Amino acid sequence: MIQAYVGLGSNLNDPVRQVKTALAALHGIPETRCVRQSSLYRSAPLGPSDQPDYINAVAMLDTRLSARQLLTELQAIERIHGRVRGAERWGPRTLDLDILLYGEMRLESEELTVPHPRLAERSFVLYPLCEIAPDLEVHGLGGIRQLMAACRARDTLSCGVLA
Ligand code: ROI
């Protein structure tokens with residue numbers, strides 16, 4: 001079993017519902033158990049600011065799938081949610097599912113890089129990740145609490161738990 005972390009994000013078509021139904025869909029991935037899920041967080045958009053706020057969350061999975069197989073499952077869920085790939089880079093999206101971490105594996109290919117290359121810079125990833133895995137050590141990057149403190153000092157994006 002590998003412990004993997006998946007980031008969820010949406011800012012179109014009722015983002016709260018998108019993220020909630022996507023979290024439910026994670027429970028249906030074969031050979032995988034969704035063991036924890038964070039609260040929902042609202043954050044200002046990173047990238048072009050003329051788009052709606054995002055709803056973000058992170059889930060912890062125990063899986064027997066390879067990273068590649070897991071990515072395929074996540075992309076199928078994105079498609080069901082009407083995700084259109086190839087649209088504007090850093091533009092609005094109905095659903096984005098990213099593999100943040102896959103055990104301690106480092107992987108760099110055209111379609112998948114883990115750990116996620118911008119993990120440590122993004123408060124909308126670090127806040128929910130820290131909520132469900134406060135003692136997590138990100139191989140090569142350090143403890144999640146330190147990453148969050150450093151990010152909080154730098155990052156001007158507002159990000160908070162949804163009431
Ligand atoms: N900004 C926020 N706040 N949350 C996201 O999930 C998100 N995802 C993206 C870009 C467009 C970079 N900005 C984001 O892909």
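Being a predicted model, the structure only gives us computed values, none of them experimental. Just follow the structure's listing: the first ligand is 1, and inside any ligand the first atom is 1.
With a 4.5 Å cut-off on side-chain heavy atoms, N56 and V19 do not count as touching.
For ligand 1, the atoms lying closer than 4.0 Å to a non-hydrogen atom of P45 are 1 (N), 3 (N).
When all heavy atoms of C151 and E121 are compared, the closest pair comes out as SG-O, 3.5 Å.
Under 4.0 Å from ligand 1, not a single heavy atom of D53 appears. Residue-level proximity to ligand 1 for A44 is carried by the backbone, the only part with a heavy atom below 4.0 angstrom. Here N56 has side-chain heavy atoms under 4.0 Å from ligand 1, and that is the only part of it that gets that close.
By the rule that hydrophobic residues join a cluster once side-chain heavy atoms approach within less than 4.5 Å of another member, L70 and M1 end up as members of separate clusters.
Taking only non-hydrogen atoms, the option from R93, R118, R42 nearest to atom 15 (O) of ligand 1 is R93. Of the options L8, L46, D96, the smallest heavy-atom separation from atom 1 (N) of ligand 1 is shown by L46.
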What's the verdict on salt bridge (Lys or Arg N to Asp or Glu O under 4.0 Å) for E111 and R68, showing C-alpha distance, side-chain angles and the deciding distance? CA-CA 9 Å; E111 55 189 357; R68 187 70 197 75; 2.4 Å; yes
Apply side chain to side chain donor-acceptor pair (under 3.5 Å) to the pair E31 and T63, showing each step before the final yes or no. CA-CA 6 Å; E31 296 188 68; T63 187; over 6 Å; no
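Backbone and side-chain nitrogen or oxygen atoms of R122 are examined, and none is located within less than 3.5 angstrom of a nitrogen or oxygen of ligand 1. The N/O atoms of F124, backbone and side chain alike, include none that comes under 3.5 Å of an N/O atom in ligand 1. The N/O atoms of Q51, backbone and side chain alike, include none that comes under 3.5 Å of an N/O atom in ligand 1.
Using a distance-only test at 3.5 Å, with no hydrogens or angles considered, a donor-acceptor pair links the side chain of R106 to the main chain of H139.
Using the six-membered ring where Trp is involved, F124 and Y54 have ring planes that are parallel, under 30° apart on the 30 and 60° scheme.
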